[in-house]
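Numbered from 1 within each chain, the chains take letters A, B, ... in sequence-line order.
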2 protein chains.
Amino acid sequence: MTNPLIDHIRKFVTLDETTSADVISRFKLQKIRKKTRLLEEGDRCRHMHFVTKGCLRLFFLKQNGTQQTTQFALENWWLSDFNAFAAHGVASFSVDAVEPSEVLSIDAQGLEKLLADVPQLEKYFRLIHQKANGAAQRRVRFLYELSREEMYTNFITSYPEFCQRIPQYLLASFLGITPEYLSEIRRKALLKPV
Amino acid sequence: MTNPLIDHIRKFVTLDETTSADVISRFKLQKIRKKTRLLEEGDRCRHMHFVTKGCLRLFFLKQNGTQQTTQFALENWWLSDFNAFAAHGVASFSVDAVEPSEVLSIDAQGLEKLLADVPQLEKYFRLIHQKANGAAQRRVRFLYELSREEMYTNFITSYPEFCQRIPQYLLASFLGITPEYLSEIRRKALLKPV
DNA sequence: CGGATCGTTGATCAACTTCAACGGTCGTGG
DNA sequence: CCACGACCGTTGAAGTTGATCAACGATCCG
């Protein structure tokens, strides 16, 4: 069986063929268009999503009405409002698609049952969340350490191809700056290297 | 058996008496003084720590030489540089004690063996990391959403007793502002409510 | 062709930092 | 027990970073 999620799980734990087929059958495959909302801030958060193609984003609405992007999820990443998901509570974030995407989704009861039936996955999800937790620590570090200009140069050198894929206003939103200021940074960056 | 860690684990999974005793025996109990370093940025990160008494902090050194605190861990919280711990790699954070504290520590091999011997704990750690991951998402949200002044008023109203326990320069470091500016904020806050 | 959306530019403004200096407090050694 | 020094919190002036607002050009899409 070849499936992006199974491949990903197998990087962490072993899974035989029949179990793999069972696992996959528990997920709902969604092919979604750009800008499709998978979660709306204020609604109950019921699903975790695994991205097999495309890109999702996590964002919230600031007081001034603009969207603030806090995470992108590319292929092989899990995304949800994890607090709200765990507590079966109301989401403080929205999720939508940055590009046409394919995701595998599972709700809380489905996940609970899956973990009861296939206990090796406890380990898989433990490792996934541990990794995400570590990534969040480094993320917070960058937010404290770097000026917005440094965040920009750091981000485009780390993920040049990804920056080509997304519109500039989304990059500005992720960096936490206004599109105007991003423009200014880019102009300065163009002048320097000459 | 009564032990803070066992009590905490039992909030998430069931554990019989003999297993509990076994679990506890895998951990090293450390009673440490204020300012004791449990992890040094640049050293290999070998342990995860569970706080049973007191308070730990996670921080790193900024270019200008000042310490930037990114997390506090009170009773019943786990703390480590989770990326470095998982990868058996070099830490990008330091950890020390804010107060005289007691922690239960375990290294990577010890944890691996513990999880192999007591598989219920996979679920416990999955839930712990999921919760921490959700907390990190909200943390990032606050960093983007609030001005430093709002962060201050939000934090002291949320954790008034904790703010009494720590010196002001640590609070400033956690909020990501200079002690001077924190002083100014406090002065303004004093004038307003009269 | 027409309208919305996106990126850019420049001027003004608010948030926060840096630096230098001073007073209070606490712990330590004489 | 006192005195000294280190450290902490505060104040004020000047400087930086990044936001806001208004306006304009370009591009994309119907």
Cationic tip of B:R141 above A:F60 ring, under 6.0 Å, 45° of axis: yes
Rounded interatomic separation in angstrom, taking CE from B:M151 and C1' from C:dA15: 15 Å
Please state how far atom NZ in A:K188 lies from atom P in C:dT8, giving the value in whole angstrom units. 14 Å
How would you list, by chain and number, every residue that makes a salt bridge (charged side-chain N to carboxylate O under 4.0 Å, His left out) with B:E17, sequence neighbours excluded? B:R10
Rounded to whole Å, CG of B:L182 lies from P of D:dG12 at a distance of 16 Å
Just to verify, what does B:D96 make a side-chain hydrogen bond (donor to acceptor under 3.5 Å, both in side chains) with, not counting sequence neighbours? B:R57
Look at the rings of B:F174 and B:F72 and say which category their plane angle falls in: under 30° parallel, 30 to 60° tilted, over 60° perpendicular. tilted
Expressed in angstrom and rounded to an integer, what is the separation of A:E150 atom CD from D:dT16 atom P? 16 Å
B:Q168 CD to D:dT11 P: how many Å, rounded? 11 Å
Counting just side-chain N and O atoms, does B:R187 come under 4.0 Å of either OP1 or OP2 of D:dT11? yes
Degree of bending, the helix from C:dC1-D:dG30 to C:dG30-D:dC1 (end axes from five pairs; round to 10°): 40°
Any chance you could lay out the ring-ring contact (aromatic ring centres under 6.0 Å, His included) test for A:H129 and B:F125, step after step, and finish with the verdict? CA-CA 9 Å; A:H129 282 298; B:F125 282 104; over 10 Å; no
Specify the separation, in whole Å, of atom CD1 of B:I166 and atom P of D:dG9. 10 Å
For residues 48-55 of chain B, dump all side-chain donor-acceptor pairs below 3.5 Å to protein atoms at least two apart in sequence or in another chain.
{"from": "B:H49", "atom 1": "ND1", "to": "B:S105", "atom 2": "OG", "distance (Å)": "2.8"}
{"from": "B:T52", "atom 1": "OG1", "to": "B:E102", "atom 2": "O", "distance (Å)": "2.9"}

Show every ring-ring contact (aromatic ring centres under 6.0 Å, His included) that has at least one partner inside residues 19-44 of chain A, sequence neighbours left out. none
Between the protein and nucleotides 18-20 of chain D, are there any N/O to N/O pairs under 3.5 Å, and if so, what are the atom names and distances?
{"from": "D:dG18", "atom 1": "OP1", "to": "A:R148", "atom 2": "N", "distance (Å)": "3.0"}
{"from": "D:dG18", "atom 1": "OP2", "to": "A:Y181", "atom 2": "OH", "distance (Å)": "2.8"}
{"from": "D:dA19", "atom 1": "OP2", "to": "A:T178", "atom 2": "OG1", "distance (Å)": "3.4"}

Would you indicate whether A:E112, at its atom CD, is surrounded by more than 12 heavy atoms from other residues, nucleotides or ligands within a distance under 6.0 Å? no
